[in-house]
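The chains referred to below are lettered A, B, ... by the order of the sequence lines, with proteins before strands, and numbering in each begins at 1.
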Amino acid sequence: MTGAAVTTSGLTKKFGHQVAVDGVDLEVPLGSVYGFLGPNGSGKTTTIRMVLGLIVPTAGEVQLLGNPLGRIGESLPRVGALVEGPAFHLYLSGRDNLRRLDAADLRADPATSATRIDSALDRVGLLAAATKRYRAYSLGMRQRLAIAASLLTPKELLVLDEPTNGLDPQGTREVRHLVASLADEGSTVLVSSHLLSEIEQVCTHVGVMHVGRLVAQGPVSEIGGDARPRARVETDQPQVAARIMTELGVRDVRVDHGSAVGELDGTAPEKIVAGCVQQGLAVTGFRVETPSLEDTFVALTGEGFDVSG
Amino acid sequence: MSAVEAGVRDVTSRPRRLSTRFLRSELGLVFGRRRNQVGLVVLIGPPVLISIAVKSSASRPGRGAPDFFSSITENGLFVALAALTIEMALFLPLAVAAVSGDSVAGEASTGTLRYLLTVPVDRLRLLAVKYAGIVAFAFAATLVVTAAGVLMGVVLFGGGNLTLLSGSQIGFGAGLLRVLAAALYLGCGFAALGAVGLFVSTLTEQPIGATLATVIFSAASLIADSIPQVSWVHPYLITHNWTAFGDLFRSPIAWTGIEHGLYSAAGYIVVFFLAAWARFSTKDVTS
């Protein structure tokens, strides 16, 4: 097997005239936690559906755990998937819903079915609600059940599409821990989200989708690495501070709401503070800001998480 | 929990060729569903009503009554046949259409289809299991009507020898056997309708729409069958041979209609199952 859990090349899907996914070359390295980002409607879910064999691509190739498009089914037993939210039978209990999925799996051992189901429920904290009807589950519980369903058998790859959708902050953090622990156990995780901050901390790699195209992809350090840290001086005379910063070699200095901001280009931050104070400036605050992945993300996909046409 | 995990580490390593687990799960889903259970109870209504109505009316049914009705007071087994005749037009096709229309479209509309397919369940296997569930329900529905009819009839009118349509008599046991054969024959017809429902169900994500389309298909077939001007099409209609179950109550049994009906049902099953497969095998699952 190559070093990639998922690769696609030129992956394209058209629905009528609408191009939902346009020439996407995805590469999810084995063992990585790959954050698949993009605004709602940018083509993440359609890409994931093609990778899982639910949708036939209009053009392009897919490799899933070493198997090409026509043989994706051979890889699927090693893949756990949560696609576009949870979906279960309303009138069955959580446990019965998992029983049905396990029964459908030709490779799952019926002898260990009960213990595997309960340990999956336990892992997402649903064991106490196992006999409750799915109808009575809250959105957060439904989401957890869907994650439990993907954990019924050990998986090499987990594809989690918007796993934190509908979860409260507490639940979101638990999902993050779960993703981290799955990765620690050696699984590759492909996790999509339109809310970057929710998964940023656990990702080793990211890919950013925008209007059907993959606009950036790579290790987190490289994607966020282009931007240099910036210094911000808060003072009542920002114009003066800006002049001092420029003299000290800070680049792109701007005045912004009672403060001066510029890119540190090798200039030591402490020199800026010292310089300002020597000139008699009243410095009320000083900060060095490292641009977050979020800033990169916004730069790539535009402001706001609007639905892309 | 780690002990549990260690125990199942190699669980994915040996795929089994055959397992009845999914089929049993499907049967549990079909027969465990409240809606379907209520449907089966409703199907018991006509045989109960018929038997009570005939019993409570002082005079024997008049000459104009259908064949089986006039014979009810002579032998309770005819309650089952009268009930099957009545329910054949709408109730039984409706029950089969409800389950078959729901089969794939229902899973698609709740979204469970995508999770079954990523387990993974092979699409052909999914269709086969879905169809097996439909067939099981079709026979169950027919047998429920028959059993209720036999029970009510024998209790209210007694059993005894059965006078056939051609006048001769057979014993109660042989009569019961022929009633059972009639029910199984009709079950085959409804299984064929179920194949149509399965196909329609792969076309849509709206289970109600698939069910309606299947009922309309069956009703349109009945209507076309009653229009003499299009008699050339009659032999090909799905409902055309259903009434042939009455031929089992002649002496000797007239097999031609029955044979025709079984061939017709087999033809419908093969054609519509293949059509469902052709549609479903490459279908984009976007729900």
Heavy-atom pairs under 4.5 Å with chain B, option from A:V56, A:L52, A:L92 with the top count
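The candidate making the most pairs under 4.5 Å is A:V56.
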Select, from A:G73, A:A149, A:G85, A:G80, the one with the greatest count of heavy-atom pairs under 4.5 Å involving chain B.
A:G85
Anything in residues 199-216 of chain B with a heavy-atom distance to chain A below 4.5 Å? Please list those residues in order.
none
Who in residues 111-134 of chain B is close to chain A, using a strict under-4.5 Å heavy-atom cut-off?
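Within residues 111-134 of chain B, the residues that come under 4.5 Å of chain A (heavy atoms only) are B:G111, B:T112, B:R114, B:Y115, B:L116, B:L117, B:T118, B:V119, B:P120, B:V121, B:R123, B:R125, B:K130.
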Taking the six-membered ring of A:F15, is the NZ or CZ of A:K13 close enough (under 6.0 Å from the centre) and on axis enough (within 45°)?
yes
Below 6.0 angstrom between ring centroids: does that apply to B:W242 and B:Y185?
no
B:D102/B:R33 ion pair, N-O < 4.0 Å:
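Result for this pair is yes, salt bridge flagged.
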Using a strict 4.0 Å threshold on nitrogen-to-oxygen distance, state whether A:R116 and A:D102 make a salt bridge.
yes
May I ask you to decide if B:T286's main-chain N or O and B:D284's side chain share a donor-acceptor pair within less than 3.5 Å?
no
Cut-off 3.5 Å, side chains only: do A:R123 and A:S181 have a donor facing an acceptor?
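A:R123 vs A:S181: donor-acceptor pair found between side chains.
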Consider only side-chain N and O atoms of A:T12 and A:D22, and report whether a donor and an acceptor are under 3.5 Å apart.
no
Would you mind checking which part of [X] comes under 4.5 Å of any heavy atom in chain A, side chain (CB onward), backbone (N, CA, C, O), both or neither?
X	answer
B:E26	both
B:S109	neither
B:T20	neither

Under 4.5 Å from any heavy atom of chain B, what part of [X] do you find: side chain, backbone, both or neither?
X	answer
A:D96	neither
A:R100	both
A:L82	both

Please step through side chain to side chain donor-acceptor pair (under 3.5 Å) for the pair A:S9 and A:D25, ending with a clear verdict.
CA-CA 4 Å; A:S9 57; A:D25 300 324; 5.1 Å; no
Could you check whether atom CZ of B:R34 has more than 12 heavy atoms from other residues, nucleotides or ligands sitting under 6.0 Å from it?
no
Atom CZ of residue position B:F217 - does it have more than 12 heavy atoms of other residues, nucleotides or ligands inside 6.0 Å?
yes
Do the rings of B:Y268 and B:F272 sit parallel, tilted or perpendicular, given the 30° and 60° boundaries?
parallel
How far apart are the C-alpha atoms of A:T46 and A:K44, what are their side-chain angles, what is the distance that settles it, and do they pass the side chain to side chain donor-acceptor pair (under 3.5 Å) test?
CA-CA 6 Å; A:T46 304; A:K44 300 187 301 289; over 6 Å; no
Find out whether A:Y137 and A:L126 are in side-chain contact, i.e. whether some heavy atom of one side chain is under 4.5 Å from a heavy atom of the other.
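A:Y137 vs A:L126: side chains touch.
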